[in-house]
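Reading through the structure tokens given below for one structure.
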Amino acid sequence: MRQVFIYPGLDGYWIAECPSLAGCISQGETKELALSNIKEAIELYIETLIDDGIAIPDENFESMLAVV
């Protein structure tokens with residue numbers, strides 16, 4: 001299980017990002033589609049790490065949201 005942040009993009013699409021996997025980001029026209037797309041992106045990202053013999057980063061579920 002991975003922590004994912006979802007937020008609206010400037011183009012009207014929803015952005016989904018997995019902070020524990022650097023550069024693992026996707027989008028979708030709806031929140032649900034963005035979630036579905038990031039799940040697939042996470043699976044492919046981890047599969048690629050395994051294929052390349054690279055350690056899979058740990059997930060730590062620590063986050064903070066601040067509005068300044």
Side-chain angles (χ1 to χ4, degrees):
M1 190 178 333
R2 294 281 167 171
Q3 180 173 291
V4 172
F5 292 113
I6 300 173
Y7 51 93
L10 297 176
D11 59 0
Y13 280 71
W14 286 89
I15 310 298
E17 184 173 354
C18 181
S20 65
L21 301 173
C24 188
I25 188 168
S26 192
Q27 66 179 8
E29 291 181 359
T30 65
K31 291 177 190 177
E32 293 78 14
L33 188 54
L35 276 175
S36 177
N37 291 341
I38 195 66
K39 285 179 186 178
E40 182 179 358
I42 289 168
E43 290 171 4
L44 293 171
Y45 190 110
I46 291 174
E47 184 179 307
T48 301
L49 290 176
I50 291 169
D51 289 348
D52 292 345
I54 300 170
I56 300 168
D58 291 333
E59 176 63 83
N60 63 12
F61 293 105
E62 184 177 325
S63 63
M64 181 177 139
L65 175 64
V67 179
V68 294

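All figures in this text were calculated on a predicted structure; none of them were measured in a lab.
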Ignoring hydrogens, what is the shortest heavy-atom contact between [X] and [Y]? Give both atom names and the distance.
| X | Y | result |
| --- | --- | --- |
| Q27 | Y13 | OE1-CB, 4.0 Å |
| N37 | G28 | ND2-CA, 4.1 Å |
| I25 | Y7 | CD1-OH, 4.1 Å |
| I38 | A16 | CD1-O, 3.5 Å |

Quiz prompt | Within one Ile-Leu-Val-Met-Phe-Trp-Tyr cluster: L44 and L33, side-chain cutoff 4.5 Å | solution =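 Different hydrophobic clusters.
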Self-check item: Path from I6 to I15 over hydrophobic side-chain contacts below 4.5 Å
Solution: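 No; tracing contacts between hydrophobic side chains, which count when under 4.5 Å, never links both residues.
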Rounded to the nearest 0.5 Å, how far does [atom2] of [Y] lie from [atom1] of [X]?
| X | Y | atom1 | atom2 | result |
| --- | --- | --- | --- | --- |
| I46 | C18 | CD1 | SG | 7.5 Å |
| F5 | E17 | CZ | CD | 8.0 Å |
| Q3 | S20 | CD | OG | 7.5 Å |

Self-check item: Crowding at CD, E40 (>12 non-hydrogen neighbours, <6.0 Å)
Solution: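 Not buried by this count: 12 neighbours or fewer within 6.0 Å.
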Quiz item: Can you check whether A22's main-chain N or O pairs, donor with acceptor, with Y45's side chain at less than 3.5 Å?
Solution: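 Judged by distance alone, yes, a pair lies under 3.5 Å.
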Quiz item: Under a 4.5 Å cut-off applied to non-hydrogen side-chain atoms, are I42 and V4 in contact?
Solution: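 Side-chain contact under 4.5 Å: yes.
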